[in-house]
Amino acid sequence: MGSAIWTDDLCIVSGDNRSWGDSNTVVELWCRSKQGHSTLLLVNGMRPYIEISPKDNGCSGTEEEIKQVLEISTVIDIQPPVIKWTSQGEAPHWRVLVRDTTVVSRLRERLRADWRVTSADIQFHKRLMLDLDLGPHIRAKGQILYASDGAPEEVRKLSPESEDALENILEIGGRGLYPVDIVMSCNAEDLETCEPFQTPFVTLSIDLETSIATNNILCAAVVIDRAGERTEHVYRGDERTEILEPICQLVREQDPDIITGYNIDNFDLPRILDRTEALAKKDERVDLFGWGRVPLDEKSRRIIPNRGQNRTWNISGRVPMDAWWQVRQTLRPERESLRFVSALIWPEDEDRRKLDVDSSRMDEEWASRPEEVIRYCLRDTHLPLDILQHLQSVQQKEALAAVARTSFSTAAIETTSQWIDSLVIRLADRENVAVPTTRQGRRGEQIAGGYVHEVEPGLRSWVAVLDFKSMYPSIMISNNICSTTLVDSEFHEDMEDDLVSPSTGTRYRSHKNRPGLVPRLLSDLMAQRDQYKAEARKARNEGNEQAAFLNERLQFAVKILMNSFYGVFASAFYRFTHKDIGASITEWARHNIRSIISDLGNDGYDVVYSDTDSIFVRTRGLDNAPIDKPDESEDSFAIWSQARSETISFGRRLAERYSKEGAELEFETAMSAFFSHGAKKRYVGRVVWPREEMLIRGYEVRRTDSFRLLTTTMTMLFEHILQGKQESAVDRTRKVIDRVRAGDIDIADLVISRSCKGKWNKRESKWDFSVYKNEDGLPYVRAAKQRIERGLGFTPGMKVGYVVSNANSSPMQVSAWLTDELGEEPPAYDAEYYAKRLATALGRITEAFGWSEKELLQGSRQQSLFDF
DNA sequence: GAGGTGTCCTAG
DNA sequence: TCAGCTAGGACACCTC
């Protein structure tokens, strides 16, 4: 081969590895370049390994024992031992180099009998990122093996003839001609991290319209988004030759990094797989669903997308990002149909949510007006792209990848423990700390969590709210909490400067003695976040909006990442966890907050409420100040204003008094009024600083399984209460209850919606709700069954809307809410049920002022007689 | 009707 | 949802 060397800045989309030759492994990194070209890196020069160390009642590491391991046929070599830190003391660790990645899991299980096995369950492309200390954005130098017509001119000039290309790729362990713009061969040392940038990813969105009678695909639309530029593609006709095969070709030509759609995980992708299996013999299926970013080869299992037990699909080299899932996670809408969500995001835009096609009668619609169906299908293909754009999902995941130093794919579709692994393992390796495998097995006793202060029912005036900044991370930093600093009395002596948890006495080594890995990572992240914040501010001041957004996303990603640490370390199965770690973090938290509460109590202050890391304290001496903001012309305005500034300075004083090194108490808000009916995690506040707003927590208003009439009535009630107008609040509440009884209500305001689980039973071709102990005892499951019967889609975990039509029978009768999707008449509702539910929920609140639920139900008329 | 169980959803 | 955590409120349903 010639010296066709090329250097490029790339973002790693996803990775995999392949064993080749006698004993080689090549890592495949699918990337998108800063300039927009798709590039596959084939990286050679790394050998898979696992590590072994002595085990009680097993091998101790004698020369003879090591020799025996070396004799195992899949073991290539063993490196001289390195002393590594383990939870049971320091021990020699031998790195066992293995033939290739295919033999790792069997060898691991075999060696486990006699050895402690570590660093033995890390995917090889992740291992490469860890060992080379790479993040997602890299500068790669390598030899051009192949360049398609889509590659830049200068790269094509470096590319060998195409016959040679295939041969060259195979020669270094590649699978064949990958469907990408550029294939490069690199050595491990040719890769390095570069500055994060915003990658011009290519996204493909797809939507199918299918027959209800036969499950066939009637038509499909695909929209490709190339850094904002969209192209549309429509398919109809023969399912195989005019729909699936051309779509497959399009995927391979256009080579998207991200696959999206609305509900693709549970609908479009499974349906395409089903139809592929029905239409084509095994060896022909690659032509229909060979979407993987690997060469067309019917023998490769990786070319056809698959889904194991996971929620998300595995599409080699690409990242499925279901717009439905993104919406759920970030917007938490009350209902999740594409129609409802479009209306939520673009309330002004009628076109985006018009119902031109009745999807429950798709076969008739397709027969009578196919053009409308296609138009509708095409619109629903654009919408997921609009949604991802609106939510900034892709950019946010890329920022997370940058700060967690993972591939885009790990940030976008893998789990929190994978993000933490990426940071912790690379530090552990650098510091010779052994990396245990993920624990399996049952979860034991639950650890105790945060402290929640009892709250008295009623209205309180002038309250300062304070909370600890990043409480759990701060506790982990200041007490040096880490599995590497935990003192296990079985293996370690106590030391004088150990940090000891307040009640159970869990001990950690001092920072001076042995700085923990996790505390160091966390304080680095805190500093990094401050830096991104500063850079965002600077960029904004300089008018550089793009840099401001980038830094804003990065600082937010750091926040998400920092907050994930506690949960992962408190989990039962994480590789670096110990049950005492999670328990002692929360123990310190409870101790800190309770001592402040009791201190304030001793000083005569009234602590109104507290939850985990927050404290609500009344300002003294303001009992007569008005809570409702008077008009500036009124005399009382000065009193209100004075009360506000006193509360602010009180809050600031408290923050100062109780902040200490590593536990910063921040003054968060000032409230002129605080109300709770006496239940923890449920309160309302009238915030007067730093903004003026009403803050509601926990109440039905916040819940997606409430109904809109309850939400709006309760909001009204709170507004009145916080203005001190209880009487008129009660009267208006009664009127609403009257209207429900009289049928003078928009039924859409009575829809209740809850998530419903379910599994597709392939054998019987129907949805299975047996995850529930008593499936028919749950209203939302009954509603889901009605939906399915009507030919509407169901996906596991989706929210199912319904209206209660008769609550006198047990179980109550419900009618699924199909109006969003089918535009049909709303069902009849049980007026007494809704009147009662309103009265119960609102009565809990009015009870605090002496109006019971019963009184609310009595109706507004008698009350009105007295009023007027 | 009280009390227990199962389930969802939220606060932090 | 083979992998972040606990505390807590509320509702429907079932049993006695």
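By convention in this document, chain letters (A, B, ...) are assigned in the order of the sequence lines, proteins followed by strands, and residues within each chain are numbered from 1. Predicted model, so just to flag it, every value in this text is computed and none were measured.
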Legend entry - Candidates C/dA7, C/dG4, C/dA12 - which lies nearest the side chain of A/S571: C/dG4
Inset, instruction - Consider the side chain of A/N774, meaning its heavy atoms from C-beta on, and name the nucleotide among C/dT6, C/dC13, C/dG4 that approaches it most closely. - result: C/dC13
Legend entry - salt_bridge(A/R108, A/D121) N-O dist < 4.0 Å: no
Legend entry - Note: A/D611-A/K681 ion pair, threshold 4.0 Å (strictly below): yes
Legend entry - Closest to the A/D611 side chain, choosing from C/dG9, C/dA12, B/dA11: B/dA11
Legend entry - Contact under 4.0 Å: A/R702 side-chain N or O vs B/dA11 OP1/OP2: yes
Legend entry - Short N-O contact, A/R703 and A/E700, less than 4.0 angstrom: no
Inset, instruction - With A/L466 as reference, evaluate A/D613, A/L654, A/I596, A/T669 under the side-chain contact (heavy atoms from CB on, under 4.5 Å) test and give the passing residue. - result: A/L654
Inset, instruction - Return no unless some side-chain N or O of A/K681 is found under 4.0 Å from OP1 or OP2 of C/dG9. - result: no
Legend entry - Atom P, compared across C/dA3 and C/dA7: separation rounded to whole Å: 24 Å
Inset, instruction - For A/M471, report the nucleic acid contact type (base, sugar-phosphate, nothing); a contact means any heavy atom under 4.0 Å. - result: nothing
Inset, instruction - Give a yes/no on whether any side-chain N or O of A/T612 is located under 4.0 angstrom from OP1 or OP2 of B/dA11. - result: no
Inset, instruction - Consider the side chain of A/K757, meaning its heavy atoms from C-beta on, and name the nucleotide among C/dC13, C/dA3, B/dC8 that approaches it most closely. - result: B/dC8
Legend entry - Pairwise 5' ranking along DNA chain C for A/T415 and A/K680, keeping only the more 5' one: A/T415
Inset, instruction - Could you tell me if the ring centre of A/Y472 sits under 6.0 Å from that of A/F565? - result: no
Inset, instruction - Could you work out the separation of B/dG4 and C/dG4 based on their P atoms and round it to a whole Å? - result: 34 Å
Inset, instruction - Remember a base hit wins even if backbone is also touched, and classify A/G777 as base, sugar-phosphate or nothing at under 4.0 Å, heavy atoms. - result: sugar-phosphate
Inset, instruction - From the options C/dC13, C/dC11, C/dT6, select the nucleotide whose nearest atom is closest to the side chain of A/I447. - result: C/dT6
Inset, instruction - Please determine, for the side chain of A/R844, which listed nucleotide (B/dT10, B/dC9, C/dC11) has the closest atom? - result: C/dC11
Legend entry - Phosphate OP1/OP2 of B/dG12 contacted by A/Y683 side-chain N/O (<4.0 Å): yes
Legend entry - A/G758 vs A/S564, nearer the 5' end of DNA chain C by closest nucleotide: A/G758
Inset, instruction - Mind checking A/R590 for me? I need base, sugar-phosphate or nothing, with any heavy atom below 4.0 Å counting as a touch. - result: nothing
Inset, instruction - With heavy atoms under 4.0 Å as the rule, sort A/I420 into base, sugar-phosphate or nothing. - result: nothing
